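One structure is given here, and the rest of the page talks about it.
By convention here, the first residue in the shown sequence is residue 1. What you see is a predicted model, and the numbers here were worked out from it, not measured in a lab.
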Amino acid sequence: MLSQAAQDLRGRGNATAAAWALGRYAEEAAQSGDTAGALRSLDRAKFAYDFADHVSEQAWVRFVTPYRMDYLAFSVFGELRRQELAATADSAVERLGGELPESGVVVLADLASALLRGGDVDRGAYVAHQFAAAAGSKPHPMGRQRAQAITAVLPDTEHEPACHLLAFATS
C-alpha cells in the first residue's frame, strides 16, 4: 500500500506526502529484511523531500519536517545496521544546533534508539544520556513512549539513565 501511495502522490504539491510514503516503505522493507528495497526507497524519499515544502503542501503532511526525515533514515539504517547511521546521526545533531528545539528531544530519543538497535551501544548510551537530560527540562508528549522503548534496549550497565527514563515514561 505504501508503494502504491507513493506512486499515486506524484505531481505538483505532493512531494512531502510522497517522501513520507517512500520513507515509511523504506522502514517496512528494512524490517522485513529487504535491504536493497529499503535503501532504494529511502534514497527516493530523500530525493522527493528535496523538492518538498512541508509547510505549504497538504496540512496532513506538515509533520514531515527535516527531523522526521532524519528519523526515517535513523530507523532504516539502524534496522539494517548500516554504517551510514553514524553520518546521518552527526548531520541530525548538527541540524539541532546549540539550542535544542522542543522537537529535538524526540530526535535524540529516535537517534538513541536507532544507535542501540544498530549495535552502536556506546554511542547509543551516550545519546540516551542526552535524551534523559533533555526530557526532564523539555518534556514532549512523544518522549514518554520513546523513553520506555529506549529503556528496554539499554544495556544493564546503563542503570542510571534507564531508571530516569523509566520514571519519565511513567510520570
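To the nearest 0.5 angstrom, L72 atom CG is 10.0 Å from K46 atom NZ. In this structure, CG on D122 lies 10.5 Å from CG on L115, to the nearest 0.5 angstrom. The CG atom of L22 sits 5.0 Å away from atom CZ of R44, with the distance rounded to the nearest 0.5 Å.
Remark: side-chain polar atoms of T88 are paired, donor with acceptor, to backbone N or O of E84 under 3.5 angstrom.
The side-chain heavy atoms of I150 and F131, taken from C-beta on, include a pair separated by under 4.5 Å. Residues S75 and R117 form a side-chain contact, since some pair of their non-hydrogen atoms from C-beta on lies under 4.5 Å apart. Side-chain contact check for F77 versus L42: some heavy-atom pair is nearer than 4.5 Å. Looking at heavy atoms from C-beta onward, F74 lies in side-chain contact with L85 at the 4.5 angstrom threshold. Between V127 and V93, every side-chain heavy-atom pair lies at or beyond the 4.5 Å cut-off. Taking the side chain as every heavy atom from C-beta outward, P155 and E158 approach each other to under 4.5 Å.
Considering only residues two or more places apart in sequence or on other chains, T35 meets the side chain to side chain contact (heavy atoms under 4.5 Å, CB included) condition with L39, L80, R82.
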Determine, step by step, whether Q148 and R144 satisfy the side-chain contact (heavy atoms from CB on, under 4.5 Å) criterion, reporting the C-alpha distance in whole Å, the side-chain angles of both residues, the deciding distance to 0.1 Å, and the verdict. CA-CA 6 Å; Q148 197 163 17; R144 288 181 178 16; over 6 Å; no
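Other residues, nucleotides and ligands contribute more than 12 heavy atoms inside 6.0 Å of the CD atom of Q31.
Of all heavy-atom pairs spanning T16 and Y49, the tightest one is CG2-CE1, 4.4 Å. In this structure, A26 and S41 approach most closely via the heavy-atom pair N-OG, 3.6 Å. For the residue pair A48 and A15, the shortest heavy atom distance occurs at O-CB, 3.5 Å. Here the closest heavy-atom approach between residue A128 and residue A112 is recorded as N-CB, 3.7 Å. Here the closest non-hydrogen pair linking L111 and A89 is CD1-CB, 3.3 Å. Heavy-atom minimum distance, A29 versus S32: O-OG, 3.0 Å.
For the side chain to side chain contact (heavy atoms under 4.5 Å, CB included) with V106, the qualifying choice from R68, Q145, R146 is R146, the only one to do so.
Cluster annotation: L154 and Y126 are assigned to the same hydrophobic cluster (Ile/Leu/Val/Met/Phe/Trp/Tyr, side-chain heavy-atom contacts under 4.5 Å, transitive).
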